Asks: 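The structure follows.
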Amino acid sequence: MSYTVEDLVDLFDLEPVERNIYRGENRDIGSGRIFGGQVLAQSLVAARRTVDAEDRSAHSLHGYFILAGDLEIPVVYFVDRLRDGRSFTTRRVTAIQHGRAIFNMSASFHKTEDGIEHQDEMPDVLPPEALESEIDIIRRNAERVPEPLRSLLTQDRPLDRRPVAPLDPFKPKPDRPVRRAWIRTVGELGDDPLDHQAVLAYASDYGLLRAALVPHGRTFFDRDLMGASLDHAIWFHRPFRVDDWLLYVTESTVASGARAFTRGSFFTREGALVASVAQEGVIRTGGRPTPADGPATDEGDDK
């Protein structure tokens, strides 16, 4: 079984149903429910499809995960055209399944303008060529993956992710709540900026909440642990390509009251900060066992 970058781009090629209404298919990545990054990316694509001005691209999006997504049926996206201004365009997207909202998002698009510039510096880390791919690490440990999930979690992937300091995915040692990994697509994308933004949005939700587990030596494979994304925000700062290496730096600054806050930054190899991410999620321990044959998930639970 394989999951290619072409499959990923096809996943974001939404079917127009009616004016401002689109339908998207799903892809199971092993969580047993729709991956939050998929709904995030599809919502972004749906919103951009309603923006007529060609000189505008997304600069920010803010979404809330409301209900777990059902993998068995498509997601329908309703777009509200809130405002078309001289410099900014605002859209609201509601993702629907079974007649109920599972996700909603506000997105803002901005025409290209010049202005002042500054940014944080990129951390000094090993280059991706010196690091092992995450999929190779998982395949070396395939016998430790629950058998029903083994084929999904060891299949080819559209994204090559290379952790800077790999953790044991089953028994990690406690460490600082910071994770760093290089990411790029396996294969080239075209030149449509929307494809690159959608793929980054998809990738931004992968493993973000896990940074909060690192200081506790916990993993979503722990049967007594449940995690779910609550909200997710992205700010796009500069043009970029996700078929070139991007360093994704994630950290959790606080966990309290069964919720954890995480944030992330995407840097190019040259050190340009191209996108920032923030997310809060719920993490519960001891009170809700996971399904018998799989890990807990940090995406799309019913909370």
Side-chain angles (χ1 to χ4, degrees), residues 5-6 8-26 34-66 69 74-97 101-115 117 185 188-205 231-244 246 264 266 268 272-279:
V5 67
E6 290 80 11
L8 187 60
V9 173
D10 287 345
L11 191 66
F12 304 149
D13 187 16
L14 306 180
E15 174 192 357
V17 176
E18 181 53 90
R19 176 176 165 82
N20 303 332
I21 303 175
Y22 302 88
R23 179 162 49 219
E25 300 298 325
N26 306 312
I34 297 176
F35 172 51
Q38 175 199 307
V39 181
L40 192 72
Q42 289 179 334
S43 295
L44 171 60
V45 171
R48 182 61 182 85
R49 293 274 180 88
T50 69
V51 178
D52 298 326
E54 294 296 328
D55 64 343
R56 301 187 184 195
S57 60
H59 74 89
S60 69
L61 57 88
H62 301 256
Y64 280 89
F65 298 98
I66 301 169
V75 182
V76 177
Y77 296 90
F78 292 83
V79 183
D80 292 327
R81 301 182 182 228
L82 298 182
R83 181 176 183 270
D84 291 279
R86 287 180 296 179
S87 300
F88 292 89
T89 298
T90 308
R91 296 291 185 262
R92 180 173 58 220
V93 183
T94 304
I96 301 289
Q97 279 189 321
I102 65 168
F103 176 80
N104 64 29
M105 184 185 81
S106 295
S108 182
F109 300 82
H110 183 208
K111 75 175 185 180
T112 303
E113 296 186 62
D114 293 326
E117 293 194 13
T185 58
E188 294 184 1
L189 286 181
D191 294 328
D192 187 345
L194 179 58
D195 286 339
H196 293 266
Q197 287 192 332
V199 172
L200 184 143
Y202 179 91
S204 72
D205 199 32
D231 58 4
H232 194 103
I234 304 176
W235 295 264
F236 298 106
H237 310 305
R238 296 181 173 94
F240 59 88
R241 298 188 65 94
V242 289
D243 51 7
D244 289 335
L246 296 173
F266 283 93
T268 66
L273 177 58
V274 298
S276 299
V277 180
Q279 183 182 96

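Being a predicted model, the structure only gives us computed values, none of them experimental.
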Asks: Which heavy atom in Tyr22 sits nearest to a heavy atom in Pro16, and how many Å separate them?
Replies: CD2-CA, 3.8 Å

Asks: With a 4.5 Å cut-off on side-chain heavy atoms, are Asn26 and Gln97 touching?
Replies: yes

Asks: Return yes when atom CD of Glu113 has more than 12 non-hydrogen atoms of other residues, nucleotides or ligands closer than 6.0 Å, and no otherwise.
Replies: yes

Asks: Which atom names give the shortest non-hydrogen contact between Gly190 and Arg241, and what distance separates them?
Replies: O-NH2, 3.2 Å

Asks: Looking at every heavy atom in both Ser108 and His59, which two are closest together, and how far apart are they?
Replies: OG-NE2, 2.7 Å

Asks: Write down the atom of Asp205, the atom of Gln279, and the distance for their closest heavy-atom approach.
Replies: OD1-NE2, 2.6 Å

Asks: Tell me if the CD atom of Glu188 is crowded by more than 12 foreign heavy atoms within 6.0 Å.
Replies: no

Asks: Quick check: do Leu200 and Leu246 have side-chain heavy atoms less than 4.5 Å from each other?
Replies: yes

Asks: To the nearest 0.5 Å, what is the distance between OG (Ser87) and CZ (Phe109)?
Replies: 15.0 Å

Asks: If you apply the rule side chain to side chain contact (heavy atoms under 4.5 Å, CB included), what do you find for Val277 with His232, and how did you get there?
Replies: CA-CA 7 Å; Val277 180; His232 194 103; 3.5 Å; yes

Asks: How far apart are the closest heavy atoms of Leu44 and Met105, and which atoms are they?
Replies: N-CE, 3.7 Å

Asks: Got a donor-acceptor contact below 3.5 angstrom from the Asp243 side chain to the Leu189 backbone?
Replies: yes

Asks: Test side chain to side chain contact (heavy atoms under 4.5 Å, CB included) on Gln197 and Phe240 and set out the steps.
Replies: CA-CA 8 Å; Gln197 287 192 332; Phe240 59 88; 4.1 Å; yes

Asks: Donor-acceptor check, side chain of Asp192 to backbone of Leu194, threshold 3.5 angstrom: yes or no?
Replies: yes

Asks: Report the residue from Ile102, Asn104, Asp231 that forms a side chain to side chain contact (heavy atoms under 4.5 Å, CB included) with Ile66.
Replies: Asn104

Asks: Going by distance alone, is a donor N or O of one side chain under 3.5 Å from an acceptor N or O of the other, for Ser106 and His62?
Replies: no

Asks: Would you say the side chain of Val93 lies within less than 4.5 Å of the side chain of Phe103, judging by non-hydrogen atoms?
Replies: no

Asks: Pair Tyr77, Arg23 - check side chain to side chain contact (heavy atoms under 4.5 Å, CB included), show working.
Replies: CA-CA 6 Å; Tyr77 296 90; Arg23 179 162 49 219; over 6 Å; no

Asks: Report the C-alpha distance between Leu40 and Ser204 in whole Å, list the side-chain angles of each, state the deciding distance to 0.1 Å, and finish with yes or no for side chain to side chain contact (heavy atoms under 4.5 Å, CB included).
Replies: CA-CA 10 Å; Leu40 192 72; Ser204 72; 4.1 Å; yes

Asks: Once rounded to the nearest 0.5 Å, what's the spacing between atom NE2 of His237 and atom CD of Glu117?
Replies: 11.5 Å

Asks: Is it the case that the side chain of Gln38 and the backbone of Glu25 share a donor-acceptor pair, with hydrogens and angles ignored and the cut-off at 3.5 Å?
Replies: yes

Asks: What distance separates Leu273 CG from Trp235 CH2, expressed to the nearest 0.5 Å?
Replies: 12.0 Å

Asks: Nearest 0.5 Å, please: how far is OH in Tyr202 from OG1 in Thr185?
Replies: 13.0 Å

Asks: Donor-acceptor pairs are to be reported for all side-chain atoms of residues 45-56 against protein atoms at under 3.5 Å, with residues two or more places apart or in another chain.
Replies:
unit_1 : atom_1 : unit_2 : atom_2 : d
Arg48  : NE     : Arg56  : O      : 3.2
Arg48  : NH1    : Val51  : O      : 2.8
Arg48  : NH2    : Ala53  : O      : 3.3
Arg48  : NH2    : Arg56  : O      : 3.2
Arg49  : NH1    : Leu14  : O      : 3.3
Arg49  : NH2    : Asp13  : OD1    : 3.2
Thr50  : OG1    : Ala47  : O      : 2.8
Thr50  : OG1    : Arg91  : NE     : 2.7
Arg56  : NH1    : Gly85  : O      : 2.8
Arg56  : NH1    : Phe88  : O      : 3.2
Arg56  : NH1    : Thr89  : OG1    : 2.9
Arg56  : NH2    : Gly85  : O      : 2.9
Arg56  : NH2    : Arg86  : O      : 2.6

Asks: Heavy atoms only: give me the nearest Val75-Ala95 pair and the separation to one decimal.
Replies: CG1-CB, 3.7 Å

Asks: Between CZ of Phe78 and CZ of Arg92, what distance do you get to the nearest 0.5 Å?
Replies: 13.0 Å

